[in-house]
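Because the structure is predicted, anything quoted here is derived from the model rather than measured.
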Amino acid sequence: MNNFVKTHGLGNEYIVLDEENISFKLTEKAIQRICNVNFGIGSDGILLKVKSVKADFGLKIFNPDGSEAEKSGNGLRIFCKYVYDYGFTSNKDFTVETKGGIVRANIVGETSNKKAKRISVDMGKANFNSKEIPTSFIMEEVVGEKLEVDDKEYEVNCVSMGNPHCVIIKDNLDIDEIKTYGKLIENHEMFPNRTNVQFAKVLSRNEAEILIWERGAGFTLASGSSSCAVASVLKKKNLVDNEIKIKMLGGELIIEIDDGWNVRMTGEVRQIAEGVLSDELIEDFS
């Protein structure tokens, strides 16, 4: 009871819990405490395995501030490793229901002891419809539009991967800049549900480098849905081809986009630890 697994995807770490194996309600306070590096375990978020009537597995994704995310690419790959490694399925192909839709996953590489290592996930369609992302821009698609942010004006490109993204293409990437302006863009009035933010630099027709400010989490080393969003925007602007390597501080992901804007992501995940949440930690949730 109250077992947890901690795993990272390119330095983007999540704690996985099973709803049927915890004795407490996963409240906003509980999420914040578990994710806190000083008072809890420390994590970029929590993945909760739940029942699904529409897919093989159900997944709820929570940011460290307690808010629920629609989708997370790294989180999905981590969750897929969990259900495969811990024997919830022996199939290498299965489906997962998230708040942002149902995705199909495939275990494409294993470690020497038959644990999932490299995982491919169908992330669904890139959606550029402004209202559905959602944004408050009046145009149907937000591609190359101006956004005033404090003392700066950015040219922004918006897309949904089941969750909202704002991509800014730059000649040079500056960590201090995204740490300063990421939160302002995330909470800008033009994004009613807030937004994830990416600064992107095109390296070639098949490579791009990005920095990430994640909604509800802040500056992060890697993000799967962010990689998909950037690849989709760059493809939309005809700056890259259908298969793109996205390079992040935490590592690399391969993103494939077909002519119907279906996006598939492939990358590695590695388990960090497993254990049991203590009774004393759980007492602090109340």
Are the side chain of N2 and the backbone of S23 linked by a donor-acceptor contact shorter than 3.5 Å?
yes

Begin with the C-alpha distance, continue with both residues' side-chain angles, and end with the deciding distance and a verdict on salt bridge (charged side-chain N to carboxylate O under 4.0 Å, His left out) for R205 and D241.
CA-CA 6 Å; R205 294 289 302 182; D241 296 330; 3.0 Å; yes

Strictly below 4.0 Å, N to O, side chains only: are K60 and E68 in salt-bridge contact?
no

So with a 6.0 Å cut-off around NZ of K6, is the heavy-atom count from everything else above 12?
yes

Is it the case that R33 and N36 place a side-chain donor and acceptor less than 3.5 Å from each other?
no

For atom CG of D258, decide whether the heavy atoms of other residues, nucleotides or ligands shown that lie under 6.0 angstrom number more than 12.
yes

According to the interplanar angle, ranging from 0 to 90°, do the rings of Y82 and F88 count as parallel (below 30°), tilted (30 to 60°) or perpendicular (above 60°)?
tilted

For C80 and V96, work out which heavy atoms get closest and say how close.
SG-CG2, 4.3 Å

Output for pair (M123 CE, K71 NZ), nearest 0.5 Å, gives 5.5 Å

Flag side-chain contact, heavy atom, 4.5 Å: L203 against K201:
yes

Distance, nearest 0.5 Å, that separates NZ of K114 from CD1 of I107:
13.0 Å

Nearest 0.5 angstrom please: S72 OG to F62 CZ, how far?
13.0 Å

Would you call E155 and K146 a salt bridge, taking side-chain N to carboxylate O under 4.0 Å as the test?
yes

Close side-chain approach of I212 to N196, heavy-atom, < 4.5 Å:
no

Check whether any side-chain heavy atom of E214 lies under 4.5 Å from a side-chain heavy atom of S226, and answer yes or no.
no

Determine, using ring centers only, whether F57 and Y84 are less than 6.0 Å apart.
no

Do other residues, nucleotides or ligands put more than 12 heavy atoms under 6.0 Å from the CD atom of E140?
no

Find the distance between NZ (K99) and CG (L59) and round it off to the nearest 0.5 Å.
12.5 Å

Would you say that more than 12 heavy atoms from the other residues, nucleotides or ligands in this model lie under 6.0 Å from the NZ of K131, or not?
no

Where is the tightest heavy-atom contact between R215 and T195, given as atom of each residue plus distance?
CB-O, 3.7 Å

Correct closest heavy-atom pair for T7 and I78 would be O-CD1, 3.4 Å

Between R118 and N106, is a side chain to side chain donor-acceptor pair (under 3.5 Å) present by the stated rule, with each step listed?
CA-CA 9 Å; R118 190 170 176 81; N106 178 236; over 6 Å; no

Quick one: does L76's side chain get under 4.5 Å of Y14's, heavy atoms only?
no

Please determine, by modelled atom types, if S204 and N206 share a side-chain donor-acceptor pair under 3.5 angstrom.
no

What distance do E186 atom CD and C166 atom SG have between them, rounded to the nearest 0.5 Å?
11.5 Å

Between D18 and K49, is there a salt bridge with N-O shorter than 4.0 Å?
yes

In this structure, OH of Y154 is separated from CD of E177 (nearest 0.5 Å) by 3.5 Å

Do any N or O atoms from the side chain of D284 and from the backbone of I282 form a donor-acceptor pair under 3.5 angstrom?
no

Looking at D174 and K152, does any basic side-chain N land under 4.0 Å from a carboxylate oxygen?
no

Should K236 and I257 count as side-chain neighbours, where that means a heavy-atom distance under 4.5 Å?
no

Any Lys/Arg nitrogen of K51 or E20 sitting under 4.0 Å from an Asp/Glu carboxylate oxygen of the other?
yes

Where do T98 and E70 come nearest, in terms of heavy atoms and distance?
OG1-O, 3.4 Å

Is there a side-chain contact between Q198 and S227 in this structure, where contact means two heavy atoms from C-beta onward sitting under 4.5 Å apart?
no

